[in-house]
Amino acid sequence: MEELPESHDLAPFFALSQDLMAVANTERFLWLSPRWSELLGWTDEELSSGPFLQFVHPDDAAATVEAAAELNRGKLVVQFQNRYRCRDGQYRWLEWNASPRDGRLYCVARDVTERVRVEERLRHRAELVALAEDIFHTGHWYIDLVDDDVFWSPEIYRIHGRDPATFSPSLADGIDAYHPEDRNRVTELVNRAIDQQVAFEFELRIVRPTGEVRRVHSVGRPHHDRTGAMIGILGVFQDITDDPRVRRVEQLEQFAYVAGHDLRSPIRTIRNIITILEEDYELPWDDEGQALWGRMSGAIDRLDRLVKDLASYTRAGIVPTPSKVSTQQVLAWVLNELGPRFEAASGSVDVADDLPLVRAEGSRLGQVVLNLLDNALQYSGARPPRVSVGWEADPGGKTVTLSFRDQGIGFDPSDAERIFEPFRRLGLADPQRTGIGLAIVRQLVEGMGGQVWATGRPGEGATFFVRLDRAPGDGLPR
Amino acid sequence: MTRHHLLMVDDDEVDAIMVKRALRRAGLDASLVTAANGHEAISRLRGQVEREPFDKPFVILLDLNMPRMNGFEFLGELRGDIHLKHHVVFVFTSSEDERDRDRAYRQHVAGFITKSNAGRGFERLADLLRAYWTTVELPPAALGGA
């Protein structure tokens, strides 16, 4: 080994440095700092007796020769990486800065093995995340509230029909991509998530620049730093456009729409013509003809109700968008509508004044309550219809159960399941009714992830129970 | 008392007869003009069709599902025309789909009335129109433009 000229006073520095320092020519080391033998396990003599290339990982040899040639041409080499073999056979990643002077190469290398491993692990993880996103058509986005920055994962770009190489999203771009009919609702939900720092979940449609519409299920939640301050929002989008279940739902929606409109329209026309004929014309027939006419008229009315109920039954099965709903408020809405009918029958509805917040969809829960109270009216028997509405928190702390107890005709316990089947009427119900109210209740409640069941005895009334998830932040003990 | 003007945009002729009857039965002094679709209604409003002369209607009953130009397309056309945008539009439809309702209100209709909710002989519709005409001040005809 050569002695470095004028190096004696600097020797303690070389010994202390974490970096590896060397003087070399293009083939072999001429001088090495003490750190080399500590890191690689070779003696200085072993390292400098032959060409340094023998310690370089075979895959890095060509690049190393090229870097040495660069130096030889008088150029600097900065942040060049290669692997050096240790005495124990393992390799360490080294990152080099080197410059040539007077025919020698002055080199400083740093052991970056840990950093390279971490980088590789991160790259590997990112690949796995991308793979998982691809498998489930699921992407994630992040709104950085501190830096006012938006991140889209590759799948989010794909859902939006955008190229990550040419497009960098802003918050406004994200909102602009929402289907116009979804924009207000979704913006409101996200803003509320920011204001109240709560999670959100909804379905929305995203319109690609080509006009193609993708249907997306979205969940998200606020992201807090260690002090509890909200610093961002993480959202997950699942592209459910090609999900066969979603296709089925779309067909059902289409059916519900056709049944609700196109099918009812001619029925209503017949109904109207009957009315015009009855009111503006002399009907020519005798009593028997009159009776038949009346039956036809009744059948048309029943057909109209049937189609209407069938449409709402179908709609009821379609996946809802849940949010935090006050059952107290829902009861108030429904009583506004049904209250007069209870009063007319000298009945009443007693509502507990501390009904809970639940995770549901307001209009669907309204329909559930409406149908249950309507059912109580219908099956009140000879007594005035009286219903008491109560609730309790369920063990486990995740759900609550609402109860609707009436004093009506009740039912045979063996019918407890059958009353929820569509088009089934038990007992002496009004033949004008289609018997689909409770079936709709079940569709709606189960669609919101809840359960509904009933207990009762003939002549002793019935109690209907509706179990729903509690709303996040409902203020009740968990 | 001024005569009221009503334009009904609906492809269902029987419904048009029913509305006419309802107006007559309610004793409302109103002229009813019908158009079978949005396209025809727009043409008539712009006076592009040589038909019997009629005063410009200020209240429009609009069905949604119609051939050629449906109710929403009609609304878009109407609101985009400076001479027509002031007309008062009630949606009068057999659709009970809440998406139709929401979409109609987003296009600033005065009300969304489902036919099944208008009374068997549309007498509730007639009540509404009577109350509307006796209570609400409408813009002068001159606003209609040429």
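As the structure is a computational prediction, the values presented were derived from the model and not from experiment.
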- Note on the structure: Taking a cut-off of under 4.5 angstrom between non-hydrogen atoms, the residues of residues 267-274 of chain A near chain B are Arg268(A), Thr269(A), Arg271(A), Asn272(A), Ile273(A)

- Taking it one step at a time, do Arg25(B) and Asp280(A) satisfy salt bridge (Lys or Arg N to Asp or Glu O under 4.0 Å)? CA-CA 11 Å; Arg25(B) 284 166 167 255; Asp280(A) 295 3; 3.5 Å; yes

- Query: Under 4.0 Å between a Lys/Arg side-chain N and an Asp/Glu carboxylate O for Arg120(B) and Asp301(A)?
  - Reply: yes

- Task: Flag yes if more than 12 heavy atoms outside Glu188(A) fall under 6.0 Å of its CD atom; otherwise flag no.
- Result: no

- side chain to side chain contact (heavy atoms under 4.5 Å, CB included) partners of Ala36(B), counting only residues at least two apart: Glu40(B)

- Heavy-atom contact with chain A under 4.5 Å, split by part of Asp102(B): neither

- Message: Nearest 0.5 angstrom please: Arg99(B) CZ to Glu181(A) CD, how far?
- Response: 8.0 Å

- Note on the structure: To the nearest 0.5 Å, atom CD1 of Ile276(A) lies from atom CZ of Arg21(B) at 5.5 Å

- Pairs meeting criterion side chain to side chain donor-acceptor pair (under 3.5 Å) with involvement of residues 72-81 of chain B, two or more places apart: Arg46(B)-Glu77(B), Arg46(B)-Asp81(B)

- Item | Those residues that, when tested against Trp333(A), pass ring-ring contact (aromatic ring centres under 6.0 Å, His included) (two or more places apart) | none

- Does CD in Glu278(A) sit with more than 12 non-hydrogen atoms of other residues, nucleotides or ligands closer than 6.0 Å? yes

